[in-house]
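Working notes, structure below.
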Amino acid sequence: ISSSKAIELSQLLQGCSPEVQKNFKEYLKKQFNIDMIDDLPENEFAKHRDMLVARYKVYQEELVKKEMEDVKQEVEVIE
């Protein structure tokens, strides 16, 4: 894939959970025998981008919920 597409996938991956990051890297190695996102076949880009977008959204929502719970607990302690 192009450098810009590799960067897009890398940025999405960085916003995913540590578990997803680890599993995705292992998957690339096992499925495509590649170590770098740059080497992902072009025809696989859209599928993997969509998957990472979904995983990214889930993880970011989890982080926001946790942050809100932490803030709520801090407010309860102050009150």
Side-chain angles (χ1 to χ4, degrees):
I1 59 175
S2 68
S3 294
S4 62
K5 288 181 177 179
I7 290 168
E8 181 180 352
L9 292 183
S10 293
Q11 289 174 333
L12 285 169
L13 189 59
Q14 287 175 1
C16 294
S17 71
E19 181 180 351
V20 168
Q21 292 179 32
K22 177 180 172 281
N23 290 343
F24 188 72
K25 291 174 184 173
E26 290 173 358
Y27 165 79
L28 290 179
K29 183 68 175 173
K30 184 177 179 181
Q31 187 72 24
F32 300 103
N33 196 28
I34 59 175
D35 294 313
M36 300 182 64
I37 289 176
D38 306 59
D39 297 326
L40 186 69
E42 181 68 38
N43 64 328
E44 295 289 332
F45 171 75
K47 176 174 84 171
H48 290 85
R49 181 197 56 217
D50 294 347
M51 184 272 301
L52 287 176
V53 165
R55 298 284 197 307
Y56 175 91
K57 286 179 180 178
V58 167
Y59 186 61
Q60 293 303 310
E61 287 173 6
E62 289 173 2
L63 291 178
V64 168
K65 284 180 185 175
K66 184 176 181 337
E67 181 76 21
M68 294 301 288
E69 289 172 5
D70 291 346
V71 169
K72 183 179 177 185
Q73 288 177 357
E74 288 175 13
V75 169
E76 289 173 353
V77 167
I78 293 172
E79 293 175 345

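Every value quoted in this text rests on a predicted model; they were computed, and no experiment measured them.
- With sequence neighbours excluded, no residue forms a side chain to side chain donor-acceptor pair (under 3.5 Å) with K25.
- Interatomic distance, OG of S17 versus CG of N23, reported as 8.0 Å (0.5 Å rounding).
- Applying the salt bridge (charged side-chain N to carboxylate O under 4.0 Å, His left out) test to K66 and every residue at least two apart in sequence or in another chain returns D70.
- With hydrophobic clusters built from ILVMFWY side chains whose heavy atoms lie under 4.5 angstrom apart, I34 shares a cluster with L12.
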Side-chain donor-acceptor pairs under 3.5 Å in residues 37-54, sequence neighbours left out?
residue	atom	partner	partner atom	Å
E42	OE2	K5	NZ	2.3
E44	OE1	K47	NZ	3.1
H48	ND1	E44	O	2.7
H48	NE2	Y27	OH	3.1

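- Residues satisfying the salt bridge (charged side-chain N to carboxylate O under 4.0 Å, His left out) criterion with E19, sequence neighbours excluded, are absent altogether.
- Of all heavy-atom pairs between Q21 and C16, the closest is NE2-O, 2.9 Å.
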What pairs of donor and acceptor atoms, side-chain ones from residues 56-64 against any protein atom, are under 3.5 angstrom apart with sequence neighbours left out?
residue	atom	partner	partner atom	Å
Q60	NE2	G15	O	2.7

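- Electrostatic pairing of E26 and K30 does not count as a salt bridge here, judged by no charged N lying under 4.0 Å from a carboxylate O.
- I1 approaches L9 most closely through the heavy-atom pair CD1-CD1, 3.8 Å.
- Legend: residues meeting side chain to side chain donor-acceptor pair (under 3.5 Å) with S3, ordered by chain and number and at least two apart, are absent.
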